[in-house]
Amino acid sequence: MLKLENIHTSYGRIEAIRGISLEVSRGEIVCLIGSNGAGKSTTLMTVSGILKPLKGSIIFKGENIRELSAHRIVGRGISQVPEGRRIFPRLTVLENLEMGAFLKSKRRKAEDGSNYEIAPAKQIEDIFDLFPVLKERKRQLGGTLSGGEQQMLAIGRSLMARPDLLLLDEPSLGLAPIVVSKIFRTIRELNAQGLTILLVEQNAKAALKLAHRGYVIESGKVTKEGKGQDLLDDPAIKKAYLGE
Ligand code: ATP
């Protein structure tokens with residue numbers, strides 16, 4: 001579904017990723033692990049078009065999307081849940097979800113001539129089924145939610161675009177263990193429903209248990225790749241990333 005070939009992305013003179021190649025097949029959960037500053041978030045932002053690579057190609061469903069703008073990339077079926085959640089704090093839960101449907105609605109209008117529709121009720125109901133707490137709080141301002149609820153809202157908002165590929169950046173960051181378990185269960189459930197997921201996580205153990213495959217990123221390069229379980233069993237990975 002997604003293939004990155006020799007991607008290089010810089011912030012000015014800082015070369016954050018230096019020749020990353022990786023693949024995500026339809027139906028997979030793939031995780032990127034690595035220490036702080038390794039280039040994981042930069043990789044996701046390059047896929048979603050927020051950052052433009054200097055070199056390399058990004059093939060999504062057979063098309064090179066490297067030159068497409070971020071909103072067109074959403075239209076192609078890639079949606080990102082950014083690190084730190086970044087929901088709209090002064091909008092209600094419902095309004096936050098409606099914002100997530102905005103681009104997709106435009107795409108529907110362009111492709112099939114259907115009328116502009118800000119938030120298809122069915123989609124909102126699906127998100128509420130996934131996260132019932134968001135339904136209870138639908139009129140509450142996003143900024144008043146707990147960290148875990150904001151993460152659920154951020155995921156819900158991205159799902160409103162009906163992506164084929166979801167990019168998740170550090171969904172467990174700063175959350176209590178019980179909430180992290182809920183988020184990880186949801187990721188598994190979404191995958192079981194057919195969503196393909198590329199996940200960046202500091203919590204390497206949980207991510208590798210969840211993922212079908214993983215890549216280790218160090219200093220902007222892939223240094224290892226393999227099945228989740230094989231990486232969990234790898235002594236060098238145990239020492240460097242699993243605290244064992
Ligand atoms: P973290 O878990 O800390 O987010 P990461 O693996 O996601 O780590 P990136 O955030 O992709 O790493 O950062 C890769 C490199 O790019 C680091 O050297 C970082 O300092 C640098 N970098 C990231 N964002 C910027 C920015 N906005 N401007 C300049 N340099 C940046």
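Atoms within a ligand are numbered from 1 in the order they appear, just like the ligands themselves.
- Annotation: atom 12 (O) of ligand 1 to nearest protein heavy atom, G39 N, 3.1 Å.
- Less than 4.0 angstrom separates some heavy atom of E170 from each of these atoms of ligand 1: 2 (O).
- Close approach of ligand 1 to S35 is summarised as follows: ligand atoms under 4.0 Å from at least one heavy atom of the residue are 6 (O).
- Within a 4.0 Å radius of atom 22 (N) of ligand 1, the protein contributes one or more non-hydrogen atoms.
- A salt bridge does not link E63 with K61: every distance from a Lys NZ or Arg NE/NH1/NH2 to an Asp or Glu carboxylate oxygen is 4.0 Å or more.
- With sequence neighbours excluded, the residues forming a side-chain contact (heavy atoms from CB on, under 4.5 Å) with A206 are F184, N203, listed by chain and number.
- Atoms of ligand 1 lying under 4.0 Å from at least one heavy atom of E83, given by number and element, are 4 (O).
- In this structure, atom 19 (C) of ligand 1 has its sub-4.0 angstrom surroundings free of protein heavy atoms.
- Near T42, meaning under 4.0 Å from any of its heavy atoms, are these atoms of ligand 1: 9 (P), 11 (O), 13 (O), 14 (C).
- Comparing G220, G37, G34 against atom 15 (C) of ligand 1, the shortest heavy-atom distance belongs to G37.
- Geometrically, ligand 1 and T43 share no nitrogen or oxygen pair separated by less than 3.5 Å.
- The distance criterion of under 3.5 Å between nitrogen or oxygen atoms is met by A38 with respect to ligand 1.
- A 6.0 Å sphere centred on NZ of K221 holds no more than 12 heavy atoms belonging to other residues, nucleotides or ligands.
- The CD atom of Q202 sits 10.0 Å away from atom OH of Y241, with the distance rounded to the nearest 0.5 Å.
- Sparse packing is recorded around NZ of K3, with 12 or fewer heavy atoms of other residues, nucleotides or ligands lying under 6.0 Å away.
- Residues satisfying the salt bridge (Lys or Arg N to Asp or Glu O under 4.0 Å) criterion with K135, sequence neighbours excluded, are E125.
- Stacking of R157 on the aromatic ring of F88 is recorded, both the 6.0 Å distance cut-off and the 45° axial limit being met.
- For a threshold of 3.5 Å applied to N or O pairs, the pair formed by A16 and ligand 1 contains no separation below that value.
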Does K138 form a salt bridge (charged side-chain N to carboxylate O under 4.0 Å, His left out) with E136? I'd like the steps, not just the answer. CA-CA 6 Å; K138 66 179 176 187; E136 288 165 30; over 6 Å; no
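- Results of the side chain to side chain contact (heavy atoms under 4.5 Å, CB included) test with L22 over L32, V30, V47, I7 single out L32 as the only residue that passes.
- Annotation: atom 24 (N) of ligand 1 to nearest protein heavy atom, Y11 CZ, 3.3 Å.
- Closest protein heavy atom to atom 5 (P) of ligand 1: K40 N, 3.5 Å.
- Heavy-atom proximity to S41, at under 4.0 Å, picks out these atoms of ligand 1: 4 (O), 5 (P), 7 (O), 10 (O), 11 (O).
- One hydrophobic cluster, built from ILVMFWY side chains closer than 4.5 Å, cannot hold both M152 and L173; they sit in different ones.
- Below 4.0 Å from some heavy atom of Q202 lie the following atoms of ligand 1, by number and element: 2 (O).
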